[in-house]
Undergrad: 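Below: one structure in structure tokens.
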Amino acid sequence: MTALVIDGHPDPRSLTAALARRYALGHGDARVIALRDLDYDPHLRFGYRERMPLEPDLADAKAALAAADTVVIATPLWWGSVPALLKGFFDRALLPQQEYRYTKRGLPEGLLTARRGRLLLLADTPWYAAPFTGLPAQSHVARNTLRFCGIRAVRTTRMLGVKNADAAVIERWLDRADTLGRIDARREGGSQAIAAEAASSSVVATS
């Protein structure tokens, strides 16, 4: 598994879930974690005062995050943010000294090693209204979550006007998710080839 796709929608019949699956299908080496299927408490009961034990499903998801080269978040925009299901996952899974830490100067330092991230963002907001209403979930996930935890190259694909989208538009979005998966798989393959070549050169130089 080189890519991890996190499906943040509570409904498996949703377009969000379909997009997550199509991305993974196009990628060919991706794992989809549908948060609705995990068994864990999404509430950070004690804030950061006291650490909650990790449930097995949450520990597995954190391990997948740590291992992935690409992290993809598929989510709708609800009330200017993400569903409570996804926010609860961020609260529980992204922890100080594990996914991020602060330097002695008080600056955040991300600890996830994924080279790239991607946000698949769906909204009923039509494209022409987005400049006025804003898409705060994009900043929330791309900048304040993924980049905060160390994933610097984050690309966002926005699917707007979902409520009124016809079958042809939806099919184009699904095809786009498939294409993005293929693109990311090629990028990961190139990065791995470069890393392997560098490792090989290092062995030759020191042998």
Side-chain angles (χ1 to χ4, degrees), residues 1-9 16 20 30-31 33 35 38 40-123 125 130-158 184 187-188 191-192 194-195 198-199 202:
M1 186 272 297
T2 59
L4 175 66
V5 185
I6 297 175
D7 172 4
H9 202 295
T16 301
R31 175 185 176 186
I33 292 182
L35 299 183
L38 304 190
Y40 72 100
D41 184 353
H43 303 290
L44 195 62
R45 298 286 177 179
F46 315 109
Y48 295 101
R49 184 187 306 275
E50 180 180 336
R51 189 65 57 87
M52 295 172 63
L54 291 178
E55 299 88 344
D57 281 355
L58 193 60
D60 175 65
K62 283 170 63 70
L65 268 173
D69 289 328
T70 299
V71 175
V72 180
I73 307 291
T75 181
L77 183 150
W78 289 353
W79 291 108
S81 186
V82 299
L85 179 67
L86 180 55
K87 180 58 168 63
F89 175 77
F90 291 154
D91 289 346
R92 287 294 317 281
L94 306 178
L95 299 175
Q97 312 307 319
Q98 295 182 18
E99 284 72 32
Y100 70 92
R101 65 188 173 198
Y102 288 97
T103 67
K104 292 181 179 179
R105 295 183 177 182
L107 300 176
E109 178 183 2
L111 300 178
L112 290 179
T113 58
R115 294 182 175 88
R116 57 189 62 84
R118 191 176 289 282
L119 171 61
L120 304 178
L121 181 64
L122 296 85
T125 305
F132 305 100
T133 63
L135 296 171
Q138 180 173 333
S139 296
H140 170 193
V141 177
R143 183 178 64 195
N144 298 331
T145 303
L146 295 182
R147 287 176 184 165
F148 188 92
C149 290
I151 306 174
R152 295 300 177 189
V154 181
R155 294 178 170 88
T156 298
T157 300
R158 305 185 300 183
D184 287 347
R187 285 176 175 147
E188 288 158 11
S191 297
Q192 291 169 359
I194 292 171
S202 177

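Basis for what follows: all heavy atoms, side chains included, without hydrogens, waters or symmetry-related copies. Count residues from 1 along the sequence.
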Undergrad: Among pairs that include at least one residue of residues 97-107, which meet salt bridge (charged side-chain N to carboxylate O under 4.0 Å, His left out), considering only residues two or more places apart or in two chains?
TA: K62-E99, R101-E109
Undergrad: Which residues satisfy the side-chain hydrogen bond (donor to acceptor under 3.5 Å, both in side chains) test with R31, sequence neighbours excluded?
TA: D60
Undergrad: Roughly how far, to the nearest 0.5 Å, is the CZ atom of R187 from the OG1 atom of T2?
TA: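 Between T2 OG1 and R187 CZ, I get 13.0 Å after rounding to 0.5 Å.
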Undergrad: Checking R116 against E188 for the side chain to side chain contact (heavy atoms under 4.5 Å, CB included) test, could you report, in this order, the C-alpha distance in whole Å, the side-chain angles of both residues, the deciding distance, and whether it holds?
TA: CA-CA 9 Å; R116 57 189 62 84; E188 288 158 11; 3.5 Å; yes
Undergrad: How about L58 and L38: do any of their side-chain heavy atoms sit closer than 4.5 Å?
TA: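 No, every pair of side-chain atoms sits at 4.5 Å or beyond.
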Undergrad: Please list all pairs passing the side chain to side chain donor-acceptor pair (under 3.5 Å) test where one or both residues lie in residues 144-153, with sequence neighbours left out.
TA: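 Sorted result for residues 144-153: empty, none.
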Undergrad: Do the side chains of R92 and E55 get nearer than 4.5 Å, heavy atoms only?
TA: yes
Undergrad: Look up atom CG in L119 and atom CD1 in I73, then write down how far apart they are to the nearest 0.5 Å.
TA: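 L119 atom CG to I73 atom CD1 measures 7.5 Å (nearest 0.5 Å).
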Undergrad: Considering all heavy atoms of both residues, which atom of L4 and which atom of A61 are nearest to each other, and what is their separation?
TA: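 Where L4 meets A61 most closely, the heavy atoms are CD2-O, 4.5 Å.
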Undergrad: Please determine if D184 and R118 form a salt bridge, counting it only when a charged side-chain N lies under 4.0 Å from a carboxylate O.
TA: yes
Undergrad: Quick one: list whatever passes side chain to side chain contact (heavy atoms under 4.5 Å, CB included) with L85, sequence neighbours left out.
TA: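 Only P10, L35, R36 meet the side chain to side chain contact (heavy atoms under 4.5 Å, CB included) criterion with L85.
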Undergrad: Taking all heavy atoms of A142 and all of T156, pick out the closest pair and write down the distance.
TA: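 Looking at all heavy atoms of both residues, the closest pair is CB-OG1, 4.2 Å.
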Undergrad: Could you give the distance from OG1 (T157) to CG (L121), rounded to the nearest 0.5 Å?
TA: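 The OG1 atom of T157 sits 9.5 Å away from the CG atom of L121.
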Undergrad: Would you list the pairs meeting side chain to side chain donor-acceptor pair (under 3.5 Å) in which at least one residue belongs to residues 45-54, sequence neighbours left out?
TA: D41-R45
Undergrad: Would you say V141 and V82 make side-chain contact, with heavy atoms under 4.5 Å?
TA: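 They are in contact (side-chain heavy atoms under 4.5 Å apart), so the answer is yes.
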Undergrad: Would you list the pairs meeting ring pair (Phe, Tyr, Trp, His ring centres under 6.0 Å) in which at least one residue belongs to residues 58-81, sequence neighbours left out?
TA: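 Of all non-adjacent pairs touching residues 58-81, those that pass ring pair (Phe, Tyr, Trp, His ring centres under 6.0 Å) are H9-W78.
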Undergrad: With the side chain counted from C-beta on, respond yes when L120 and T16 share a heavy-atom pair under 4.5 Å apart, and no when they do not.
TA: no
Undergrad: Which atom names give the shortest non-hydrogen contact between L44 and D91, and what distance separates them?
TA: CD1-O, 3.7 Å
Undergrad: So K87 and H140, do their side chains get closer than 4.5 Å, heavy atoms only?
TA: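 H140 vs K87: side chains touch.
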Undergrad: Under a 3.5 Å distance rule, please check whether S139 uses its side chain to pair with a backbone N or O of R143 as donor and acceptor.
TA: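 No, the answer is negative, given that no donor and acceptor are paired below the 3.5 Å cut-off.
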Undergrad: State, to 0.1 Å, how close F89 and L65 come at their nearest heavy-atom pair, and which atoms those are.
TA: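 So the minimum-distance heavy-atom pair works out to CZ-CD1, 4.2 Å.
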Undergrad: Measure the shortest side-chain to side-chain distance between P108 and Y100 over non-hydrogen atoms and say whether it is less than 4.5 angstrom.
TA: no
Undergrad: For residues T125 and A130, report the shortest heavy-atom separation together with the two atoms involved.
TA: CG2-N, 4.0 Å
Undergrad: Of all the heavy-atom pairs spanning A114 and T70, show the shortest one and how long it is.
TA: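 Distance-wise, the nearest heavy atoms are CB-N, 4.3 Å.
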